[in-house]
Amino acid sequence: MTIRLYNTKTRKKVEFEPIDQENVRMYVCGPTVYDRAHLGNARPVIVFDTLFRLLRHTYGDDHVTYVRNFTDVDDKINATALARKEAGAAGTLEELIAERTEETIGWYLSDMSEVGALEPTQMPRATNYIAQMIAMIEDLITKDHAYAAEGHALFRVRSYENYGALSGRSVDDMIAGARVEVAPFKEDPMDFVLWKPSTDDQPGWDSPWGRGRPGWHIECSAMAKALLGDTFDIHGGGLDLQFPHHEDEIAQSCCANETDEMARYWMHNEMLQVEGKKMSKSLGNFFTVRDLLEQGVPGEVIRLVFLMTHYRKPMDWTDAKRGEAEKMLGEWMSVLQKHGYSQKTVDMLKASGDWVADAEFIGVLSNDLNTSGAISRMHVLAKAKTAAGLVPLAHAMETLGLVNDWSILDLSPSQNDDMPEWAATVIDRLIVERGEARAAKDWGEADRLRDLLNAAGVQVTDVAGTASWLPGADFDLSVLEALK
């Protein structure tokens, strides 16, 4: 199946032709790890996870390399750690920075897993590639594409004649219309920082220009080169990164590596809104992925809401779309459960070679990740009357990342044959009351009921607005007895 992608660089949709079909390579700019991932941060994760899945389907799981980095050295991280120190947290500033990045990376991976994202092939941290960054900067200075000044190293923008090609603007237009830092040590206002000095209490590494830390743009260039080579297939990220981040990446990578291109295909997802407005704390419509999960919105629902809008269109998160996504997932799950689908069923289908995709679904998805069209096709697939006929629907749900673990269809109280009837009744009552509390947006009561279930060792799974449960390994009847 031919994949067609919109290439930001050429401003048209083109047929995707990998450099090496045995190793299709993709780099996506990851998060700066200083706080919880907000809802907008999840969009590129879901978009490029979907592309990762499609590439694996087309070229084979072992023939796709997906790199998404962590920026773990940044002034925002420093500021967050400093605020903790000033609030009385124990430890040096460097220790608090390390603590914060570890904590935030853990949050990020947990939240993105909840919305169905596979872990990329490689997840490099910027701090592990400082040596490669310094080497690249030295090379750029040697080639006269960069210069040192007052403890800084800066890229000489006008030395790269194609600067601005990605965003479609000339250097002079950018200077006229952009806010650029005008520092006395810059040769040109558009020159950007590759290395900057660090104070004694900031993270820093020894370099030919003094103790300091890298600029943001050089991080991705160095990590991409180390893990994917001088030129690779796809570079992705949010539209807000097109300029200056991606423009700067291209300039320094092409000059250092002496190549005509850094990546063959550049892909950018549009931004996110909430109920028709830009998400912001001042409007009171700013929330994180974890906020939604804790309010009882299943990760599968969050993901489906994102997939309902094409990645190159602005996406609007609304309660109405969330409700629509819950209904869709509920219908698909119900029809699969009705026909006996479970983890065992799917495993048998895969082992027998009967786990097959619907050609039309894959064709639509391969047309520049047309997820909304793919979802429309899934409604047609859901009308199949037999278990065998529903294989393409189940396959499509897995391809879109809406189901990563089919055991969710195995969970039902009917399986608990040894469970006392009164205990099942208590659990069912708690789950109903928790649902009512969520509906009333009484999050305190919902959390209390969730904690009771957790204390009893009851594993609750929410799928498409429906809760099912099983006794866990630490199941404790005595906790439930007190609630009879």
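Quantities reported herein were computed from a predicted structural model and do not represent experimental measurements.
With hydrogens and angles left out, the side-chain atoms of N257 and T259 include no donor and acceptor closer than 3.5 Å. No hydrogens or angles considered: a donor-acceptor pair under 3.5 Å links the side chains of T127 and D72. In the model, E249 has no side-chain atom that pairs as donor or acceptor with a side-chain atom of S221 under 3.5 Å. No side-chain N or O of S167 forms a donor-acceptor pair with one of Q242 less than 3.5 Å apart. A donor-acceptor contact closer than 3.5 angstrom is absent between the side chains of T288 and H38. A donor-acceptor pair shorter than 3.5 Å can be found between the side chains of D347 and Q343. Neither side chain, Y129 nor N69, offers a donor N or O lying under 3.5 Å from an acceptor on the other. Side-chain atoms of N23 and T65 form a donor-acceptor pair, as typed in the model, at a separation below 3.5 Å. Using modelled atom types and a 3.5 Å distance limit, the side chains of Q295 and R438 yield no donor-acceptor pair. Between the side chains of K13 and N367, at least one donor-acceptor pair of N or O atoms lies under 3.5 Å. Side chains of T104 and T101: no donor on one and acceptor on the other come within 3.5 Å.
Rounding to the nearest 0.5 angstrom, the gap separating the CG atom in L241 from the NE2 atom in H235 is 8.5 Å. Remark: D191 CG to D248 CG distance equals 10.0 Å, nearest 0.5 Å. I250 contributes atom CD1, which lies 11.0 Å from atom SG of C255 (distance to the nearest 0.5 angstrom). Atom CG of L393 is separated from atom CG of L336 by 5.0 Å, given to the nearest 0.5 angstrom. Atom CE of M26 sits about 4.5 Å away from atom CG of L51, to the nearest 0.5 Å. How far CZ of R25 is from CZ of R264: 9.0 Å, rounded to the nearest 0.5 Å.
Side-chain contact between V67 and P120 is absent, with no heavy atoms from C-beta onward closer than 4.5 Å. Looking only at side-chain heavy atoms (C-beta outward), D358 and R377 come within less than 4.5 Å of each other. Using a 4.5 Å heavy-atom cutoff, the side chains of Q273 and M271 are not in contact. Residues M378 and M328 are not in side-chain contact: their nearest non-hydrogen atoms beyond the backbone lie 4.5 Å or more apart. Proximity of D35 to T80: side-chain heavy atoms (C-beta onward) are nowhere separated by under 4.5 Å.
Ion pair D49/R303 flagged as a salt bridge, since at least one NZ, NE, NH1 or NH2 atom sits closer than 4.0 Å to an Asp/Glu carboxylate oxygen. K225 and D230 are joined by a salt bridge, as a carboxylate oxygen and a charged side-chain nitrogen come within less than 4.0 angstrom of each other. Under a 4.0 Å N-O distance rule, the pair D447/R434 does not qualify as a salt bridge. Using a 4.0 Å cut-off between charged nitrogen and carboxylate oxygen, R84 and E99 count as a salt-bridge pair. A salt bridge between E270 and R43 is absent, with no side-chain N of the basic residue lying under 4.0 Å from a carboxylate O of the acidic one. Taking a cutoff of 4.0 Å between a charged side-chain nitrogen and a carboxylate oxygen, R448 and E445 qualify as a salt bridge. Checked for salt-bridge contact, D61 and R56 meet the test: a charged N lies under 4.0 Å from a carboxylate O.
The aromatic rings of F155 and F192 sit parallel, their planes meeting at an angle under 30°, below the 60° perpendicular limit. By the 30° and 60° cut-offs, the orientation of the rings of W355 relative to W406 is perpendicular. The aromatic rings of Y59 and F16 stand perpendicular to each other, their planes meeting at an angle above 60°, with 30° marking the opposite boundary. Y108 and F70 have perpendicular rings, their planes meeting at more than 60° on a 0 to 90° scale where under 30° would count as parallel.
One N or O on the side chain of N285 and one on the backbone of K278 form a donor-acceptor pair closer than 3.5 Å. A donor-acceptor pair under 3.5 Å is formed between the side chain of S334 and the backbone N or O of G330. Between the side chain of N162 and the main chain of A165, no donor-acceptor pair closer than 3.5 Å is present. Under a 3.5 Å cut-off, the side chain of D316 and the backbone N or O of G276 do form a donor-acceptor pair. A donor-acceptor pair is defined here as one N or O able to donate and one able to accept, closer than 3.5 Å; such a pair exists between the side chain of N7 and the backbone of W266. Under a 3.5 Å cut-off, the side chain of T50 and the backbone N or O of L400 do not form any donor-acceptor pair. A distance-only check finds no donor-acceptor pair linking the side chain of D233 to the backbone of A263 [under 3.5 Å]. For S110 (side chain) and G106 (main-chain N/O), no donor-acceptor pair under 3.5 Å exists by modelled atom type. Judged by distance alone, with hydrogens and angles left aside, the side-chain atoms of S376 form a donor-acceptor pair with the main-chain N or O of S372 at under 3.5 Å. Between the side chain of D368 and the main chain of Y6, a donor-acceptor pair closer than 3.5 Å is present.
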Evaluate the criterion side chain to side chain contact (heavy atoms under 4.5 Å, CB included) for residue pair L166 and T8; output intermediate values, then yes/no. CA-CA 7 Å; L166 183 69; T8 307; 4.2 Å; yes
Between R68 and E119, is a salt bridge (Lys or Arg N to Asp or Glu O under 4.0 Å) present by the stated rule, with each step listed? CA-CA 9 Å; R68 187 185 67 216; E119 287 198 355; over 6 Å; no
Begin from the C-alpha positions of R312 and L369 and carry the test side chain to side chain contact (heavy atoms under 4.5 Å, CB included) through to its verdict. CA-CA 9 Å; R312 285 195 290 113; L369 285 189; over 6 Å; no
Please report the C-alpha distance between S407 and S342 in whole Å, then the side-chain angles of each, then the deciding distance to 0.1 Å, and finally whether the side chain to side chain contact (heavy atoms under 4.5 Å, CB included) criterion is met. CA-CA 6 Å; S407 65; S342 64; over 6 Å; no
Show the numbers, then the answer: is there a side chain to side chain contact (heavy atoms under 4.5 Å, CB included) between S366 and L54? CA-CA 8 Å; S366 297; L54 177 61; 3.7 Å; yes
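Relative to the six-membered ring of Y34, R100 misses at least one condition, a distance below 6.0 Å or an angle of at most 45° to the axis.
The residue from F52, Y27, F232 that alone fulfils the ring pair (Phe, Tyr, Trp, His ring centres under 6.0 Å) condition with Y66 is F52.
Taking every heavy atom of both residues into account, D188 and R158 meet most closely at OD2-NE, 2.7 Å. Residues M308 and A325 come closest through the heavy atom pair SD-CB, 4.1 Å. Taking all atoms of both residues into account, the shortest heavy-atom contact from G238 to H268 is O-CD2, 3.5 Å. In this structure, P44 and N269 approach most closely via the heavy-atom pair CB-OD1, 3.3 Å. In plain terms, the two heavy atoms of L390 and L381 that are nearest each other are CD2-O, 3.7 Å. Taking each heavy atom of L293 and G299 in turn, the nearest pair found is CD2-N, 3.8 Å.
With ring centers used as reference points, H57 lies under 6.0 Å from H395. Not less than 6.0 angstrom separates the ring centroid of F48 from the ring centroid of Y311. Ring centers of H246 and H217: at least 6.0 Å apart, outside the cut-off.
Other residues, nucleotides and ligands place more than 12 heavy atoms under 6.0 Å from the NZ atom of K350.
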